[in-house]
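Atoms within each ligand, like the ligands themselves, are counted from 1 in listed order. Along the sequence shown, the residues carry numbers beginning at 1.
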Amino acid sequence: MSMDAVLSRIDSDLDAATGRLFDLLRIPSISTDPAYSADVARAADWLARELSDLGFDASVRPTDGHPMVVAHGGPEDGRHILFYGHYDVQPVDPLELWSRDPFDPAIEDKDGRKVIRARGASDDKGQLMTFVEACRAWKAETGTLPARVTIFLEGEEESGSPSLVPFLKANAEELKAEIALICDTGLYAEGVPGIVTQLRGLLGEEITVTGPDKDLHSGLFGGIAMNPIRVLTRVLANLHDAHGHVQVPGFYDGVAELPPELKEQWNNLGFDAERFLGSVGLTHPAGEDDRTGLEMIWSRPTAEINGIWGGYTGAGFKTVLPSQAHAKVSFRLVAGQDPHVLRESFRDWVIQQMPLDCHVSFEGHGASPASRMDISHPAFEMARQALSAEWPGEAAFIGGGGSIPVAGYFKTVLEMDALLAGFGKDDDQIHSPNEKYDLDSFHRGTRSWARILGGFAS
Ligand SMILES: [Zn+2]
């Protein structure tokens with residue numbers, strides 16, 4: 001059967017595949033630093049050439065920033081899938097904390113495991129190459145791909161993706177597919193892959209409460225003048241009730257309960273909140289007290305106070321009664337919550353708590369909605385079984401506490417769900433010195449995509 005042949009070819013080709021990944025890792029494609037612009041372009045050229053050699057119709061597409069790489073392959077009449085990865089990397093400083101040159105990749109031993117050490121090994125060059133190598137094996141064994149495949153690689157993911165949405169809009173016809181596959185996430189646990197099916201959104205607000213029109217001396221005005229820090233801290237204290245629920249009116253409107261089968265899957269993942277918190281010196285979950293730990297980080301919306309300042313905070317002491325008090329507050333959002341509606345209800349709720357003589361102003365900082373994938377699309381269960389066949393542990397549908405904006409843009413701009421599967425590990429040190437990717441992740445990741453690709457054969 002061709003799947004077995006494809007998988008054995010991946011096994012026997014692992015050294016050569018690692019060598020090709022090393023070639024890509026040697027290019028310092030740091031997107032945020034203009035000094036590396038030519039290297040970012042060189043990485044795009046390298047990928048387009050590699051994909052052309054594989055028989056893809058590949059091109060480097062200019063944008064106002066760094067270029068995109070778009071490549072089409074496979075049978076015209078097959079099912080159409082889009083694969084997304086990014087070829088840019090994070091800066092490497094502080095360089096002295098690296099055990100080797102970050103752009104001189106090598107296989108190293110780490111606790112008895114082989115790891116690929118280099119900037120971008122895990123995020124995201126090693127991951128995107130798992131898909132490219134899976135395509136290579138299918139081509140080599142069968143002369144074609146099991147489905148029509150569009151590979152879409154971004155060069156600005158680590159610098160805020162300024163060109164992404166305009167590019168998606170301008171090329172919607174070409175990029176829209178049945179489903180998007182994204183490889184930029186990690187395993188759920190050692191040997192246990194996960195498919196991320198929900199990602200939280202984010203809303204940020206900066207609040208400034210103003211009382212007196214100048215800083216006052218508390219010996220002179222203390223007791224008679226309203227202190228804006230007192231006002232602000234009362235507002236912030238009202239954000240949560242004693243059970244951890246957020247008290248902004250309408251905050252939970254539209255927030256759906258987890259489907260029972262998903263809740264059961266999550267409960268079976270063996271998540272240990274105490275152990276999770278233990279790694280940061282805590283013991284007790286602080287979210288809504290009627291929710292599990294995984295619900296708190298994956299499927300429930302939150303409010304956090306990220307910063308608070310005002311008055312005198314320097315050395316020594318100053319009995320100032322300040323004119324202003326400030327705080328930064330952010331909300332992690334889930335599907336069903338509209339960030340723009342919530343921004344208005346949050347502001348109204350704060351304004352209503354202002355006493356006489358105090359007023360409040362706001363500065364908005366980003367408003368991205370959450371995304372929840374429609375896992376009734378048969379590709380999700382197919383991919384879950386393919387991953388379960390490849391890895392020691394059974395794959396699970398999981399949530400993501402952070403945000404991966406591209407998944408949301410595929411949904412809003414291209415009306416396409418995204419299937420996020422990746423093989424990174426928590427100790428990969430992405431964005432930090434000594435980034436690595438387990439050789440086993442690279443190998444099994446390639447085999448995983450080969451299996452998933454096979455599942456799209458029509
Ligand atoms: Zn990434």
Asker: Does the R384 side chain pair with the main chain of A395, one donor and one acceptor, at a distance under 3.5 Å?
Answerer: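 Checked: pair present.
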Asker: Is a donor from one side chain sitting under 3.5 angstrom from an acceptor on the other, for Q127 and Y437?
Answerer: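 Yes.
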Asker: What's within reach of the Zn ion (ligand 1), meaning protein N/O/S atoms under 2.8 Å?
Answerer: H86 NE2, D123 OD1, D184 OD1, D184 OD2
Asker: What donor-acceptor contacts under 3.5 angstrom involve side-chain atoms of residues 32-39, with partners at least two apart or in another chain?
Answerer:
residue, atom, partner, partner atom, Å
D33, OD1, A35, N, 2.9
S37, OG, P34, O, 3.1
D39, OD1, R42, NH2, 2.8

Asker: Does E288 reach the side chain of M296, with side-chain heavy atoms less than 4.5 Å apart?
Answerer: no
Asker: Can you find a heavy atom in the side chain of C135 that is under 4.5 Å from one in the side chain of F56?
Answerer: yes
Asker: With side chains defined as the heavy atoms from C-beta onward, is the minimum distance between M68 and F152 less than 4.5 Å?
Answerer: yes
